[in-house]
Amino acid sequence: MEKKQIFLFFIGLLAFAQVFGQSDGVIVLDEVVLSDAKLLHFSKGTKIRVVNDSIQQKSGSSLTDLLRYNSNIYFKENGYGMVSSASFRGTNAQQTALVWNGININSQLTGQTDFNTLIPGNYGDVVVRSGGGSVQYGSGAVGGTVLLNDSFKFNEGWRNSLETSYGSFNTSKLVFNTSLGKEKTFFHIGINHIASDNDYKYLGTNRRNENGAYDQLNLNANVGFILSDQKVIKLYHNTFRGDRDFSGTLTAPADENYRDLNHRSLIELSSFNERKIARLKVGHLYERYRYFPNKQREEFSFGQANTVLANYDYKYQLNKITLNGIIDFSSIWAKGTSIENAQRNFVSGTFLFSHELSDKFNYGLNLRQEAVSDYQSPFLFSLNSSYKVTGNYTLSLNASKNYRVPTFNDLYWTGAGASGNLEVLPETSWQVELGQTIQVKNIALSLNAYSITTDNLIQWRPNTQGIWMAMNVQDVSQYGLELGFDWKWKWEDQELAWESEYAFTKSLDNATKNQLLYVPEHLLRSNVAYQFKKWVASYQFLYNGSVYTTTDNSDSLPSYTLGNLGLDYHLSDISKIKFILGMRVNNLYNKNYQNVAYRPMPNRNFQLQLITKF
């Protein structure tokens, strides 16, 4: 489909909706202030987990720490705090999408996200959406999607929180959030600074992580104004600056340094009534890295990319039917040491349909087509449905076609012994998933079974001349089961919460039938929290099965079991100021483990923190 056809089709669709959507009505502000309403209306039948801000405070310093113990994503870290990539349902890092306030922010250079460059403490919530989501969120949403959402809370007054902590390896953290919510205005700013020598012991040796120090600063700033009874404007901004010495391995020391900078800015104007919501988003994304192979010298390689984007989103409610048309425009350009000036322009059209046929049954159909300047993009679709069999038992089914585009590195890389490949094709993926949930009083059980097949998987391999290139070389399949359990019990002045999940994952090269690298077949995690009056005790448990480190499955890393223990005490308020004093023990069992070969993770370590709310 040509650009012009997509454009005219969706302009016509939105104009039609405008004609029938002009009636005034009751303002539903809660939905308008959501950064990503697609998740609310068009992901029914999909497995979704929301990680709120209270859990974020208890789950380490990075998005990696948070999701390792609150999702079934496997993370590969090149040493603690170093580059962290995700394997979601057996897929690779480029097949996991990271979405910020509704905008896909995967790197245009590498196609993936380093989860250690994202600090979740300033966000309203973090959402884990399992399974394919490319229709809604674009390239990379194959194994799953992680969404970072800012909150706009009008009419909540002035609120402040300050978190300070200090721990092993000279690790310090400072988090400050302040927000002011009035009737028609909202303002929030969050600052998060983390620094560490990160010189932990390599258990079983007489060595330490001698080149692992890091210093990170994250800033979130958001402003919202209710312009009238039917218009709201919101401004979002996020800046991240990171400075890391890259750790060596058990076999080779390192003297490397890596500095990255990310700016993300977005302005959103919404108009609405009881039937329709129209949103216009305009944004700019900037990413830059500098890599120093020897931090004692000034020589470095670099890469940077700019993205300018515009998004028009029109949702129309007609009784039990919800229609949503979306048009995206984006222009991206990049350059670097190994990339000459590269540019990509694309326009996409998305149509989302949801129908609540009855109180028990709903279903949806979603379509997407892109026109891109430097590759042929596939037509995408997704189907989802949910049926409440009884008051306690619900069945869900979804199927989708998803994709992952070649990155700028895949297409345009130029360097000694390596070259981009303009002929490489997008990866395409077909998925189907069946879910079941049972809710009985304060107990919830879930069981999800899924199957994923991916064609034209992109990998870098040497060609016949020995030059490394991106190639479509592999077809892979993933299938698995996920079993979840939640239990909450409250009596008198005590409360107990227990949440667990087990995941079985097979991720196979269809040609060899071997398990793909760094995909554990078995993963079990469990979180328990107990509150008695002013005391709160928490325990995080993780069992990670063994993973293969060679394509022929001849070598592997052993399984490991981790535990973290936390204890908080809520002190008595002083002049309406709340104080929470906490202690945390990580790697309680002092386990010697690796999630990337030859790169040990930290020994037992401690953290003290004080949270002040006023």
Side-chain angles (χ1 to χ4, degrees), residues 31 34 36-51 71-73 88-91 95-97 99 102 125 127-138 140-147 149 315 317-326 350-368 380-403 429-440 444-453 478-486 501 503 505:
E31 181 179 343
L34 288 175
D36 183 19
K38 297 189 296 293
L39 191 69
L40 176 66
H41 292 285
F42 304 103
S43 293
K44 295 178 181 178
T46 303
K47 181 181 174 184
I48 293 173
R49 173 169 170 75
V50 179
V51 184
S71 75
N72 59 351
I73 304 175
F88 202 150
R89 287 187 166 178
T91 61
Q95 294 172 329
T96 300
V99 174
D125 60 53
V127 180
V128 180
R129 183 188 188 278
S130 300
S134 287
V135 173
Q136 288 94 336
Y137 302 111
V142 178
T145 306
V146 177
L147 302 100
N149 298 317
K315 182 181 75 69
Q317 187 76 40
L318 180 63
N319 296 325
K320 297 293 185 178
I321 294 176
T322 305
L323 301 173
N324 202 167
I326 304 170
T350 305
F351 172 69
L352 309 175
F353 169 87
S354 179
H355 183 198
E356 293 187 12
L357 193 61
S358 69
D359 293 338
K360 293 186 176 182
F361 180 67
N362 63 73
Y363 66 97
L365 169 66
N366 309 314
L367 309 172
R368 180 186 178 107
L380 305 177
F381 71 89
S382 67
L383 301 165
N384 56 76
S385 62
S386 177
Y387 178 63
K388 184 172 286 189
V389 181
T390 67
N392 300 323
Y393 178 47
T394 302
L395 278 173
S396 61
L397 176 68
N398 65 81
S400 60
K401 180 182 178 182
N402 306 280
Y403 79 124
S429 166
W430 289 264
Q431 301 189 31
V432 63
E433 178 177 358
L434 175 65
Q436 304 176 72
T437 59
I438 299 175
Q439 180 85 44
V440 181
L445 291 171
S446 64
L447 177 64
N448 291 73
Y450 64 88
S451 176
I452 307 172
T453 300
Q478 288 93 9
Y479 61 89
L481 291 170
E482 296 167 351
L483 177 64
F485 169 79
D486 286 88
E501 185 174 24
T505 308

Quiz item: Does the pair Ile326 and Gln136 meet the rule for a side chain to side chain contact (heavy atoms under 4.5 Å, CB included), with working shown?
Solution: CA-CA 9 Å; Ile326 304 170; Gln136 288 94 336; over 6 Å; no
Quiz prompt | Worked verdict on Lys47 versus Tyr450 for side chain to side chain contact (heavy atoms under 4.5 Å, CB included) | solution = CA-CA 11 Å; Lys47 181 181 174 184; Tyr450 64 88; over 6 Å; no
Practice problem: Please lay out, stage by stage, how Phe88 and Asn72 fare under the test side chain to side chain contact (heavy atoms under 4.5 Å, CB included). | Solution: CA-CA 7 Å; Phe88 202 150; Asn72 59 351; 3.7 Å; yes
Quiz item: Between Val146 and Ile73, is a side chain to side chain contact (heavy atoms under 4.5 Å, CB included) present by the stated rule, with each step listed?
Solution: CA-CA 10 Å; Val146 177; Ile73 304 175; 4.1 Å; yes
Quiz prompt | Derivation and outcome, side chain to side chain donor-acceptor pair (under 3.5 Å), residues Asn392 and Thr390 | solution = CA-CA 5 Å; Asn392 300 323; Thr390 67; 5.2 Å; no
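In this pair, Tyr363 and Phe353 present their aromatic rings tilted. The plane angle is within the 30 to 60° band.
To the nearest 0.5 Å, atom CD1 of residue Ile321 and atom CG of residue Asn362 are 12.5 Å apart. For the atom pair CG of Leu147 and CD1 of Ile48, the computed distance is 8.5 Å after rounding to the nearest 0.5 Å. One finds the OG atom of Ser386 at 8.5 Å from the CZ atom of Phe361 (value rounded to the nearest 0.5 Å). Here CD of Gln317 is found 10.5 Å from CG of Asn324. Values are rounded to the nearest 0.5 Å.
Within 6.0 Å of NZ on Lys388 lie no more than 12 heavy atoms contributed by other residues, nucleotides or ligands.
A donor-acceptor pair under 3.5 Å is formed between the side chain of Asn398 and the backbone N or O of Gly45.
Each salt bridge (charged side-chain N to carboxylate O under 4.0 Å, His left out) pair with one or both residues in residues 429-440, not counting sequence neighbours, appears once here: Arg89-Glu433.
For Leu483, the side chain to side chain contact (heavy atoms under 4.5 Å, CB included) test picks out Leu447, with sequence neighbours left out.
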